[in-house]
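Heads up: the structure comes next, in structure tokens.
Order of the sequence lines sets the chain letters (A, B, ...), proteins ahead of strands, with each chain counted from 1.
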Amino acid sequence: MNMPVTEILLKWYDIHKRDLPWRKSREPYYIWVSEIILQQTRVLQGMDYYNRFIETFPDIFSLAGAPVEKVLKVWEGLGYYSRARNMHETAQKVVEIFGGKFPHQYDELLKLKGIGPYTAAAIASIAYQQPVPLVDGNVYRVFSRLFGIDIPSDTAKGKKKMIHIATTLLPAGRPGDFNQAVMEFGALQCVPGKPDCSRCPLRKMCLAKKQDRVEELPVKDKETKIITRYIHYLVWISNGEIILKQRKEKDIWYKLYDFPEIPDKKGIEPRKLFRGFLGKHGISYDQHAKMFISEPVLHQLTHRHIIARFYHVYNKKWHFDMDEGNFRVPMDHMKNYAFPRLITAYMEKFPERFQSDNE
DNA sequence: GATTCGTGGCT
DNA sequence: TAGCCAAGAAT
């Protein structure tokens, strides 16, 4: 008996699919939220965020009506914050233009901020049962192995080829289930590295398996070069208040909050940098005021190595000009602001450095 | 087409 | 352990 690939995957999915919160309904809003959260993010990592997001913003109207800062606070720690900013913008647009209903068509969905080819196809097929194929990392891995395709996944040629394959396999009856089936299969069975092919329902027809190339596929050609960046944070705590700053456009962590920065001067010693900065503002690096410089904190991103230091100053009057965007808040209001993980991790590690009575 | 944009788990 | 890379999109 020679069951086609599509049937095998659907059957496998019906048995093995995980019970995930966004699979309990086909409400487009839930599908949309889950798909955005899951971009470049593992299910386990996104689960709590999804539940909290839906709890905080039960429908598209509550999301559209919220300030973007509140959306970012819910997103805090999840990364790729443009996803949250774009969701907020798209929610407002969908409310204004479409009365709160997402369009059904792939092409219309694609016009919305934060919705690209993958997500448009996911919403159209899962929420609206439209026969639209999709390709994500899982789909690419599954089909590249199954059909022995070694075109690099990070090329237009590879993506085009994969969409073509997905199109030929897509069943008219259950497009949304099929798309999810391939992704689920990639996440649970045809995993990166060394999958357990002995219990794979496709092992007999898998070309990579036949050619013993399972671990080689899929192929990717570009290597991301990592750049090191230095950040010097000024943590100024005085009179129960701390100085914060909202991050600006065209840089990492846009619209999140952190601390004022001392501009980096390559190669200069931290102590010298601090002294120079304070001196420029008429403050001496002296024994009377309590100041100290943290050890370097390494924060690793996919494309950056950030080395941060925290320059602490306590109980000294803030008497140089507030740069644009700097503002003071009581220490116990900090919990209302969204910070990058680098900051929250540091604060969790050294809570004593963030106490207002630190004299 | 090449870069940028986070975080965390796994090997 | 240091890299790999995950339900990608925007610029």
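- Contacts of A:G114 with the nucleic acid, taken as non-hydrogen atoms under 4.0 Å apart, involve only primed sugar atoms and P, OP1 or OP2.
- The side chain of A:M183 lies closest to C:dA7 when the candidates are C:dA9, C:dA7, B:dA2.
- Checking A:L110 against A:S34, the closest nucleotide of DNA chain C that is more toward the 5' end is the one next to A:S34.
- Between the side chain of A:T41 and the base of B:dG6, a donor-acceptor pair under 3.5 Å is found.
- Under 4.0 angstrom from either OP1 or OP2 of C:dA6 there lies no side-chain N or O belonging to A:Y140.
- Note on A:R141: a side-chain N or O is less than 4.0 Å away from OP1 or OP2 of C:dA7.
- B:dG6 atom P lies 13 Å from atom OH of A:Y254, rounded to whole Å.
- When rounded to the nearest whole Å, the span between NE2 of A:H299 and P of B:dC5 equals 12 Å.
- Environment of NE2 in A:H164: sparse, with no more than 12 heavy atoms of neighbouring residues, nucleotides or ligands closer than 6.0 Å.
- In this structure, CD1 of A:I252 is placed 15 Å from C1' of C:dA10, rounded to the nearest angstrom.
- Going from atom NZ of A:K111 over to atom P of C:dA9 covers 17 Å, rounded to whole Å.
- Closest to the side chain of A:W253, from the set C:dA7, B:dG6, C:dC5, is B:dG6.
- The 5' end of DNA chain C is approached more closely, in terms of each residue's nearest nucleotide, by A:P192 than by the other of A:N86 and A:P192.
- Between A:R83 and A:T41, the side chains place a donor N or O and an acceptor N or O closer than 3.5 Å (distance only, hydrogens not considered).
- A donor-acceptor contact under 3.5 Å links the side chain of A:Y80 to the base of B:dG6.
- Picking from C:dA7, B:dG1, B:dT3 the nucleotide with the shortest atom distance to the side chain of A:D136 gives C:dA7.
- Among the heavy atoms of the strands, none lies under 4.0 Å from A:G46.
- Side-chain nitrogen and oxygen atoms of A:K194 include none within less than 4.0 Å of the OP1 or OP2 phosphate oxygen of B:dT11.
- Side chains of A:T119 and A:Q39: a donor on one and an acceptor on the other come within 3.5 Å.
- At a cut-off of 3.5 Å, with distance as the only test, no side-chain donor of A:H232 or A:E261 sits close to an acceptor on the other residue.
- By the 6.0 Å and 45° rule, A:R52 stacks over the aromatic ring of A:Y49.
- Residue contacts shown for A:R229 are absent, as no nucleic acid heavy atom lies under 4.0 Å away.
- For the 3.5 Å distance criterion, the side chains of A:R341 and A:T344 qualify, holding a donor opposite an acceptor.
- For the pair A:R353 and A:F350, the cation-pi criterion (under 6.0 Å, within 45° of the ring axis) is fulfilled.
- Remark: A:H303 is not in phosphate contact with B:dT4, judged by side-chain N or O atoms under 4.0 Å from OP1 or OP2.
- Sequence order on DNA chain B of the closest nucleotides to A:L44 and A:R83 puts A:R83 first from the 5' end.
- Residue A:N179 is out of contact with every strand shown, counting any heavy-atom pair closer than 4.0 Å.
- Residue A:W75 places none of its side-chain N or O atoms closer than 4.0 Å to OP1 or OP2 of B:dC5.
- Annotation: A:Y337 is in aromatic contact with A:F327 [ring centroid separation under 6.0 Å].
- Counting atom types as modelled, A:T302 pairs a side-chain N or O with a base atom of B:dT7 as donor and acceptor under 3.5 Å.
- Distance noted for atom P between B:dT11 and C:dA7: 14 Å (whole Å).
- The distance between atom CG of A:L112 and atom C1' of C:dG8, rounded to the nearest whole Å, is 16 Å.
- One can place CD of A:Q300 at 14 Å from C1' of C:dC5, the figure rounded to the nearest angstrom.
- OP1 or OP2 of C:dG8 has not a single side-chain nitrogen or oxygen of A:Q39 nearer than 4.0 Å.
- In this structure, the NZ atom of A:K255 is 16 Å from the P atom of B:dC5, given to the nearest Å.
- The side chain of A:Y81 lies closest to B:dG6 when the candidates are B:dT4, C:dA7, B:dG6.
- Between B:dC5, B:dT7, C:dT11, one nucleotide has an atom nearer to the side chain of A:K113 than all others, and that is C:dT11.
- A:L78 comes within 4.0 angstrom of a nucleotide base, judged by non-hydrogen atoms across all strands.
- Whole-Å rounding puts the A:M87 CE to C:dA9 C1' distance at 14 Å.
- A:I115 comes within 4.0 angstrom of the backbone, heavy atoms only, and of no base.
- A:L20 comes within 4.0 angstrom of a base, heavy atoms only.
- If you find the closest nucleotide of DNA chain B to A:R42 and to A:T224, the one lying nearer the 5' end belongs to A:T224.
- Taking atom P on both B:dG8 and C:dA9, the two are 22 Å apart, rounded to the nearest angstrom.
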